[in-house]
Amino acid sequence: DTGVSQDPRHKITKRGQNVTFRCDPISEHNRLYWYRQTLGQGPEFLTYFQNEAQLEKSRLLSDRFSAERPKGSFSTLEIQRTEQGDSAMYLCASNGGYTDTQYFGPGTRLTVL
Amino acid sequence: AQTVTQSQPEMSVQEAETVTLSCTYDTSESDYYLFWYKQPPSRQMILVIRQEAYKQQNATENRFSVNFQKAAKSFSLKISDSQLGDAAMYFCALLYGNKLVFGAGTILRVKS
């Protein structure tokens, strides 16, 4: 069990560029979550997958955001036409079976210049 | 709406002493789960302790215990025998459906 991994750990981009982040959950976990955390705040829910199906999306997830989990394993989160307000830590979590506990990855810190 | 409030932005404790972090929440559900997560500086968030609302008994994990008051919607975390490694941001969270609703966090500083 290697834990939840995220790549890249840091991303610096210019406003208007597109960025994509990857999350690899714990291997036996079928549920995967994305959260966004701004400086000094608690994480906020963005979206949730069960296997490959995206079952819930927050209204925080604007049209510029899209998430996929094509084979029910890893997931990607893409932000198009980034804005300075998108600067944040993007966290991925996973769980499976009967456990409600979500296990978090180290996050991807995005800085939009 | 489900909300979680942590009213202490920052707390300090002397090494080996005990500290209590406060958390209140609001939910319309009768059965739910509550969590405390720890986020050390520049490191990933890890679970400290979880509480199932239908259980009367307060959860305990080694030096960490909770005081769960369901009627008051209060869920405080007590850290006994504080250690330097306990220094971190602590988040209280409520599981609503499949998503966690977090408080704003409490920074815990441990003095040697």
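Below, chains carry the letters A, B, ... as their sequence lines are ordered, and counting in each starts from 1. This one's a predicted model, so the numbers in the text were calculated from it and none came from an experiment.
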Using a cut-off of 6.0 Å, state whether more than 12 heavy atoms not belonging to [X] lie near its atom [atom1].
| X | atom1 | answer |
| --- | --- | --- |
| A/Leu113 | CG | yes |
| B/Tyr25 | OH | yes |
| B/Arg43 | CZ | no |
| A/Lys11 | NZ | no |

Practice prompt. Under the side-chain contact (heavy atoms from CB on, under 4.5 Å) rule, what do A/Thr101 and B/Phe35 come out as? Steps first, then yes or no, please.
Written response: CA-CA 8 Å; A/Thr101 300; B/Phe35 303 83; 3.7 Å; yes

Discussion item. If I take atom CG from residue B/Leu95 and atom CG from residue A/Asn95, how far apart are they, to the nearest 0.5 angstrom?
Written reply: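 Between B/Leu95 CG and A/Asn95 CG, I get 8.5 Å after rounding to 0.5 Å.
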
Worksheet item: Is a side-chain N or O of B/Gln44 found less than 3.5 angstrom from the main chain of A/Val4, in a donor-acceptor match?
Response: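 Between the backbone of A/Val4 and the side chain of B/Gln44 there is no qualifying donor-acceptor contact (under 3.5 Å).
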
Fill in: A/Tyr103 side chain to B/Leu47 backbone, donor-acceptor under 3.5 Å
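Between the backbone of B/Leu47 and the side chain of A/Tyr103 there is no qualifying donor-acceptor contact (under 3.5 Å).
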
Do [X] and [Y] have side chains that get closer than 4.5 Å, going by heavy atoms?
| X | Y | answer |
| --- | --- | --- |
| B/Met45 | A/Pro43 | yes |
| A/Gln102 | B/Asn98 | no |
| A/Phe45 | B/Phe102 | no |
| A/Asp100 | B/Tyr32 | no |

Worksheet item: Side chain, backbone, both or neither: which part of B/Gln39 has a heavy atom under 4.5 Å from chain A?
Response: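 The side chain, not the backbone.
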
Worksheet item: chain A heavy atoms under 4.5 Å from B/Arg50: which part of the residue, side chain, backbone, both or neither?
Response: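 Contact with chain A is through the side chain of B/Arg50 alone.
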
Worksheet item: Can you tell which of A/Gln41, A/Gln6, A/Arg31 has the highest number of heavy-atom pairs within less than 4.5 Å of chain B?
Response: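 The candidate making the most pairs under 4.5 Å is A/Gln41.
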
